[in-house]
Each structure stands twice: as C-alpha cells, then as structure tokens.
Number of protein chains: 2
Amino acid sequence: MEDSHHSGATGHAKTTARRRKEARPGELTAAALALFVERGFAATRLDDIAERAGVSKGTLYLYFDSKEALFKAVIQEGIVPAIEAGEALLNAFRDDPERLLREMLFGWWQLLSSTPLGGIPKLMIAEGGNFPEVNQFYFDEVITRAHRLFYAALELGVAKGVFRPVDIEAQIQVILAPLLMLAIWKHSFACCAGGEVAPQRYLDATLDLILNGLRQPGQKENTDE
Amino acid sequence: MEDSHHSGATGHAKTTARRRKEARPGELTAAALALFVERGFAATRLDDIAERAGVSKGTLYLYFDSKEALFKAVIQEGIVPAIEAGEALLNAFRDDPERLLREMLFGWWQLLSSTPLGGIPKLMIAEGGNFPEVNQFYFDEVITRAHRLFYAALELGVAKGVFRPVDIEAQIQVILAPLLMLAIWKHSFACCAGGEVAPQRYLDATLDLILNGLRQPGQKENTDE
DNA sequence: CATATATTACTGACCAGTCAGTCATTAATG
DNA sequence: CATTAATGACTGACTGGTCAGTAATATATG
C-alpha cells in the first residue's frame, strides 16, 4: 500500500502517466456527461465514452466500478458546484429579493448556454427511475438544496413586503418549473422547433409573469438598471 | 386464392377469435403505455408487454411492425383524444378566460390522476431524441396543437381586457411549464418525495401565480363561484 | 524487476425480431 | 350431422447482434 522510499527525492514532474492518473476521472466524467446528455444513459456505450476521453474501455474500469457508479460521479461532480454558486448569489443579494430572483434566473441560463450541465435534469428525469440510489442522491443533494435556496429567496421577499404573502412552499415549484422546462426543451425538442421562442425572450416572459404574480399590489414596477 | 361464393350471408358474430382480433391492438398499446411510462421505452421488453396483454411476443408482431411502431401507436392513440378534449373546453368557455384557464388546468390534472397518459410527456422527453420520427410526430400533433390551444385562450383574455397585454407566444410556454412538471414529477421523483407539496395545493399555487401575473391591474379578484 | 497504468481480446447475459408449427374455429361436402 | 379441408390467430424456441464487465497481456516508470 505505501511506498515512499525513493532514496533521492525525484520531486519534479511526475511525467505523463502519473499526471494522467489525476486528470483521468475528470476527463472521463466530462466525456460521459456530454454523451449521456446527448443520447441518454442507456443508449450510451462505455466504449464511446472511453473513446471520447481518449482511452480504452478497460481504463474506465480502473476509475469507476460500474456504469452506474460513473453516472453517479457525473451527477455529483457536475451539480454540486452549481448549487453552491446559487447559494453564493443568495448571500450577495439578500437585500433586494427581486434582483435576487433575476440573478438566479439568468445565472441558470448562463449555466445552460455555456455548459452541458443543463442536460442533467433531463437525464435524471429520463433514467432516474431505473437507478434508485442515484435518484435518491439527486433528490437529496440537488432538488432539496435548490428548494431551500428558493425558499430563502421568496421568504426574504415576503418578509420585506416586496412580495405578497403566498404559499411559498408551493410557489417554489411553480417558479422552478419554467427554468427546468427551458433546460429540458433545449435537450429534447429544440431540434424540431422552427419558429420557437428564443430563450432570452422566454426568460423575460418568465420573470415578467413571476414578478407580476408575486408583487405586492402596492409595489411599483422597479424598471431595473 | 379467390373465395367469395358463400351462398347464404353468414353475417352474425364471428365469436371469440374474431372479436379478439379487433380488441388486441388496443390491449397491446394499453399494456405498452403502462410499461413504457413505468420503466421507459428502452428498458421495457417486448416479452413483458406481451405478457401483460396476455399474449406472446409473436402476436405482438402480427399487429405492429416494430417496437418503434408500437411506440408511435401508443402516443398517437393516447394523446390525440386528450388534445381534442382541450379544444372542446376552449369552445365551451369562450366568454370567461379566467374560468377557461382554470378548467384547462384542472382538466389536465384529471387526466393525470385517472389515466397513465400523464406519463407521455416524460416518455417523450426521455426517449424522443432516439426516435426522430416519433419525436416529430409528437411535436406536430401534440406540442404544436397544445400551443395553439393556449394561444387562443390567452389571446381571448387579452382581447377582453381581462389579462394584461403580454408576450403571448412566450407566456404560453411559461404557463405550460408547471403543468408539464407536475406530470413529470409524478413519474420521476414522487417516490423520493416525503413531505412534498400535494398536487391540489400545487395547482392552486399555479393558478394563483398565473392569474395574478396576467391580470390587468385594475381587474378585481373574481373569487369564483 | 516491481509497481502502476493502460490495452486488447474475450465472455456471458440480454433482447428485438423471425419463423416453423399448433390449435381452435369456420366452411365445404355427402 | 359427421367428416374433411381450410383458415388465421397465436405460440415459443431460435438467431444475430450488442454491450457491460473481466482477464490476460503490454508498456512505461522508478
């Protein structure tokens, strides 16, 4: 198990093989994410993932015990940072609930357009049922945390009198729905859609509806900077 | 090769075998729908579908050319009537846009709770990508028609001055999202969810947000009958 | 040569789709 | 009505291909 008597310290670059060993898991999960999102979990072959990562299938098994373990790693690695980014936003905009919601929506869109992470919701919806353990993990680590995030945001708005007093718990899901559908749409029907609504316009409409739906009747429009 | 001289017309019931032949396709698509929704298209074996319908796999091929053809039949048969029901609602409540929206939401929920049809959106999202032809069919016959339906409803409301003048095209998608997510949720994470929001409460919240978000500022609350 | 890293060829389970054949019902014949 | 012929719905064993996972082998590193 342990090693450590190298005589002279060879402290310089561990050269290729050693460096590879540290980079590999990330390269593999990245390749897997891209392919899972594109074709679905079941329809993606391990050979393809390996090829995309520039290794052979056998190598994959040096880093992950099974296809399911790889699946779980993909979710874990991809989503947790995203959730943390959201939690950071909450702290940054504590004093302006409308602005906070706006930032959360656009942050989400940023993620969607610049990374393949937006494919994860679709992936979980599509294949989660066949992998209870991964599903549970996703539920606990992603869904629940995301809910807490939005709960805090809405609660803040209601407490400050910016939003009407609503059924926060239920509204969260209503507000999250358009965000999730935006992601799902992109990975499901975007291909078929001809003259469909552009994401930017869709997001504007979402914000419009949500803010008008939540806003305290007295409150003025807040035309933003 | 040729037949046709039966002398007397034997026109009455052709008993079991003949009756079966007419009932079979429906029985098979029903079985397939249930299993596809439960496990996904790829993960469902034709043997299981056949067994559930009380026949053998070979029989299945007497009625459908391939697994994909069966898939398409399931969608076609299940969804088209649902869309037509929606179109009927539109005509029934032309004069009261708020009521119309309300009826459409609750009609949808009715469908969800009393039939497995609510599983179809999830199914299409999950597996549509691998079946372009089915996907296109769904897009044209379901998504597009559903959009037209909601377009008409919103347009009516705006024309009557009940709703604010909004970006109708974009709002449709925002409004549809919670409905779709309700269906998706039921078939994906309902299992994991412990103290989650009840559908009825969720629907109320949806209506609350949508109607408040759309309502013309002047308009009064309309506390319904 | 000992260890860590990677590859390649292989195995076994699984499943969509096929096909030769069964069996129950119906029609034809005397 | 009894016997034979024809029909067609249905069956289930089989095949051909795919793919997750394994094991034997190779290459680099210290």
Side-chain angles (χ1 to χ4, degrees), chain A residues 1-28 31-32 35-36 39-73 127 130-131, chain B residues 1-28 31-32 35-36 39-73 127 130-131:
Chain A
M1 241 134 254
E2 43 70 76
D3 38 355
S4 66
H5 38 62
H6 285 259
S7 61
T10 30
H12 66 296
K14 297 294 188 54
T15 56
T16 25
R18 191 115 196 85
R19 218 164 33 258
R20 257 40 258 285
K21 161 137 205 201
E22 278 139 32
R24 282 275 133 81
E27 291 168 9
L28 287 166
L35 289 172
F36 286 167
R39 306 183 199 168
F41 176 80
T44 299
R45 279 165 312 179
L46 290 182
D47 288 293
D48 293 340
I49 296 173
E51 187 185 11
R52 188 181 234 261
V55 297
S56 70
K57 187 171 65 165
T59 302
L60 214 159
Y61 277 89
L62 296 176
Y63 298 97
F64 301 95
D65 287 346
S66 67
K67 197 184 183 188
E68 182 168 352
L70 177 61
F71 188 19
K72 189 170 173 182
E127 325 249 13
N130 299 114
F131 304 94
Chain B
M1 247 132 259
E2 43 68 77
D3 38 351
S4 66
H5 34 63
H6 287 257
S7 61
T10 31
H12 66 295
K14 297 289 187 58
T15 57
T16 25
R18 191 111 197 92
R19 223 171 20 262
R20 259 35 261 285
K21 162 140 203 204
E22 277 140 32
R24 280 275 130 82
E27 292 168 8
L28 285 166
L35 289 172
F36 286 166
R39 307 183 198 168
F41 176 79
T44 300
R45 284 184 313 249
L46 291 183
D47 288 295
D48 292 341
I49 295 173
E51 188 185 11
R52 188 179 233 263
V55 296
S56 72
K57 189 169 62 166
T59 301
L60 214 159
Y61 278 90
L62 294 178
Y63 296 98
F64 301 96
D65 287 345
S66 65
K67 197 183 182 189
E68 181 168 352
L70 177 60
F71 188 21
K72 189 169 173 182
E127 325 250 12
N130 300 113
F131 304 94

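Note on naming: letters A, B, ... go to the chains in the order of the sequence lines (proteins, then strands), and numbering restarts at 1 for each one. In what follows, every heavy atom counts, from backbone to side chain, and hydrogens, waters and symmetry copies are set aside.
Regarding A:D47, its CG atom lies at a distance of 18 Å from the P atom of D:dG17, rounded to whole Å. As rounded to whole Å, 14 Å separates atom C1' of D:dT18 from atom CZ of A:R39. If you measure from atom CD of A:E51 to atom C1' of C:dA6, you get 16 Å, rounded to the nearest angstrom. In this structure, the CG atom of A:L60 is 11 Å from the C1' atom of D:dG21, given to the nearest Å. Residue A:F71 contributes atom CZ, which lies 16 Å from atom C1' of D:dA20 at whole-angstrom precision. Atom CD1 in A:I49 sits about 14 Å away from atom C1' in D:dG21, given to the nearest Å. Rounded to whole Å, atom P of D:dA20 lies 15 Å from atom CZ of A:F64. In this structure, B:K67 atom NZ and C:dT18 atom P are separated by 14 Å, rounded to whole Å.
A:R45 contributes atom CZ, which lies 6.5 Å from atom CZ of A:R39 (distance to the nearest 0.5 angstrom). To the nearest 0.5 Å, atoms CG (B:D47) and CZ (B:R52) are separated by 15.0 Å.
Between D:dG21, C:dA6, D:dT11, one nucleotide has an atom nearer to the side chain of A:Y63 than all others, and that is C:dA6. Comparing C:dA16, C:dG17, D:dG21 against the side chain of B:R45 picks out C:dA16 as the nearest. Side-chain atoms of A:L62 lie closest to C:dT5 of the nucleotides D:dT22, D:dT11, C:dT5.
B:L28 and B:I49 make their closest contact through O-CG2, 4.0 Å (heavy atoms, listed as atom of the first residue, atom of the second, distance). Across all non-hydrogen atoms, the minimal contact from B:A42 to B:E127 is N-OE2, 3.4 Å.
Put simply, B:S56 has no side-chain N or O that comes within less than 4.0 Å of OP1 or OP2 on D:dG12.
Residue-to-nucleotide proximity on DNA chain D shows that, of A:A42 and A:G58, the 5′-proximal contact is made by A:A42. Both A:Y61 and B:G54 lie near DNA chain D, and the one whose nearest nucleotide falls closer to the 5' end is B:G54.
Nucleic acid contact for B:L46: sugar-phosphate only, since backbone atoms but no base atoms lie under 4.0 Å from a heavy atom of the residue.
At a cut-off of 3.5 angstrom, the base of C:dG17 holds at least one donor-acceptor pair with the side chain of B:K57.
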Could you tabulate the donor-acceptor pairs under 3.5 Å formed by side-chain atoms of residues 64-72 of chain A, not counting sequence neighbours?
from: A:S66; atom 1: OG; to: A:E68; atom 2: N; distance (Å): 3.4
from: A:S66; atom 1: OG; to: A:A69; atom 2: N; distance (Å): 3.1
from: A:K67; atom 1: NZ; to: A:F41; atom 2: O; distance (Å): 3.0
from: A:K67; atom 1: NZ; to: A:T44; atom 2: O; distance (Å): 3.0
from: A:K72; atom 1: NZ; to: A:E133; atom 2: OE2; distance (Å): 3.1

